[in-house]
Asks: 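Here it is, the structure in full.
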Amino acid sequence: VPSNWMETYPSASDLVFYHISNREQYFEDDIIELRKFLDMPSQLDANDPPVILLNMRSLAWPSSREEISHHPRHEIYLKKKFDEYGIEAYLIIETTPPEEQIDIIGYFIKKLKK
């Protein structure tokens, strides 16, 4: 299993996103600060609202750069982070048994009525 997605799936989208010309710039102070600012899990706190994490894509190893950005392992990681902060979070991925899946519309109606 490859350990560096940037080498496995060559793409310049991260360079464009951060407005940098090479990955060595990841470690410059201003880019480090920008990455911290954009790191959603570091922005979480116990006052955040409930969330539903839904991703029915395959848990198999990604075959493209695009699959990395939208892989269900991201939702699994986020669920752990939400749990650390005590934030109500429901995880629904391809391996979630039907009896453990929530009724999403019913859930929203219930929450919005409060």
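In what follows, every heavy atom counts, from backbone to side chain, and hydrogens, waters and symmetry copies are set aside. Along the sequence shown, the residues carry numbers beginning at 1. Note that the structure is a prediction, hence the values are computed from the model and not measured.
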Asks: When hydrophobic residues are tied together by side-chain contacts of less than 4.5 Å, even through go-betweens, does I104 share a cluster with M56?
Replies: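 Shared cluster, yes.
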Asks: Taking side-chain hydrogen bond (donor to acceptor under 3.5 Å, both in side chains) as the definition, give me every residue that meets it alongside Y107, ordered by chain and number, with sequence neighbours left out.
Replies: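 Listed in chain order: E88.
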Asks: With sequence neighbours left out, what residues match D30 under side-chain contact (heavy atoms from CB on, under 4.5 Å)?
Replies: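 Counting only residues at least two positions away or on another chain, D30 forms a side-chain contact (heavy atoms from CB on, under 4.5 Å) with E28.
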Asks: Is there a side-chain contact between Y85 and N47 (heavy atoms, below 4.5 Å)?
Replies: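 No, side chains not in contact.
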Asks: Starting at CD1 of I76, measure out to CG of L78 and round the result to the nearest 0.5 Å.
Replies: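 So the CD1 of I76 and the CG of L78 are separated by 10.0 Å.
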Asks: How close do H71 and S58 get, counting heavy atoms only, and between which atoms?
Replies: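 For H71 versus S58, the nearest heavy atoms are NE2-O, 3.7 Å.
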Asks: The criterion is side-chain hydrogen bond (donor to acceptor under 3.5 Å, both in side chains); which residues satisfy it with D48, sequence neighbours excluded?
Replies: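 Testing D48 for side-chain hydrogen bond (donor to acceptor under 3.5 Å, both in side chains), a comparison that skips the adjacent residues, returns none.
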Asks: So do Y90 and V51 actually touch side chain to side chain, heavy atoms under 4.5 Å?
Replies: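 In short, these two side chains do not touch, never coming nearer than 4.5 Å.
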Asks: Is a side-chain donor or acceptor of N55 paired with a backbone partner of E75 at a separation under 3.5 angstrom?
Replies: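 Between the backbone of E75 and the side chain of N55 there is no qualifying donor-acceptor contact (under 3.5 Å).
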Asks: Could you give the distance from CD (Q101) to CD1 (I52), rounded to the nearest 0.5 Å?
Replies: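 If we round to the nearest 0.5 Å, Q101:CD and I52:CD1 are 11.0 Å apart.
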Asks: Which pair of non-hydrogen atoms, one from K36 and one from Q43, has the smallest distance, and what is that distance?
Replies: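 So the two residues come closest at O-NE2, 3.6 Å.
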Asks: Could you check whether atom CD1 of I105 has more than 12 heavy atoms from other residues, nucleotides or ligands sitting under 6.0 Å from it?
Replies: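 Count not over threshold, so no.
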Asks: Under 4.5 Å between side-chain heavy atoms, hopping through other hydrophobics if needed: is there a path connecting F82 to L54?
Replies: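 No, F82 does not connect to L54 through the hydrophobic network.
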Asks: For a quick test of reading the model, state the closest non-hydrogen atom pair linking N22 to L15 and the distance between them.
Replies: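 Answer, listing the atom of N22 first, then L15: C-CD2, 3.7 Å.
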Asks: Taking side chain as C-beta onward, heavy atoms only, is P72 less than 4.5 Å from E94?
Replies: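 No, every pair of side-chain atoms sits at 4.5 Å or beyond.
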Asks: Are a donor atom and an acceptor atom from the side chains of Y26 and D14 found within less than 3.5 Å of each other?
Replies: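 On atom types as modelled, these side chains qualify, holding a pair under 3.5 Å.
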Asks: Report yes if some heavy atom in the side chain of L53 is under 4.5 Å from a heavy atom in the side chain of I92; otherwise report no.
Replies: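 Result no, sub-4.5 Å side-chain heavy-atom pair not found.
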Asks: Taking side-chain contact (heavy atoms from CB on, under 4.5 Å) as the test, write out the residues that go with E100, two or more places apart.
Replies: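 Result, side-chain contact (heavy atoms from CB on, under 4.5 Å) vs E100: T96, P97.
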Asks: What do you reckon, is NZ of K80 surrounded by more than 12 foreign heavy atoms closer than 6.0 Å?
Replies: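 Count not over threshold, so no.
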Asks: With sequence neighbours excluded, tell me which residues meet side-chain contact (heavy atoms from CB on, under 4.5 Å) with K81.
Replies: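 Scan of K81 (side-chain contact (heavy atoms from CB on, under 4.5 Å), adjacent residues dropped) gives P41, L44, Y77, E84.
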Asks: Can you hop from I20 to F17 via hydrophobic side chains spaced under 4.5 Å?
Replies: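 Result: yes, single cluster for both.
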Asks: Can you see which heavy atom on A46 is nearest to which on I87, and at what distance?
Replies: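 So the two residues come closest at CA-CG1, 4.4 Å.
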Asks: Within a strict 4.5 Å, meaning less than it, do heavy atoms of the L34 and H19 side chains meet?
Replies: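 No, their side chains stay 4.5 Å or more apart.
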Asks: Can you list everything that forms a side-chain contact (heavy atoms from CB on, under 4.5 Å) with S42? Sequence neighbours excluded, please.
Replies: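 S42: side-chain contact (heavy atoms from CB on, under 4.5 Å) contacts with D39.
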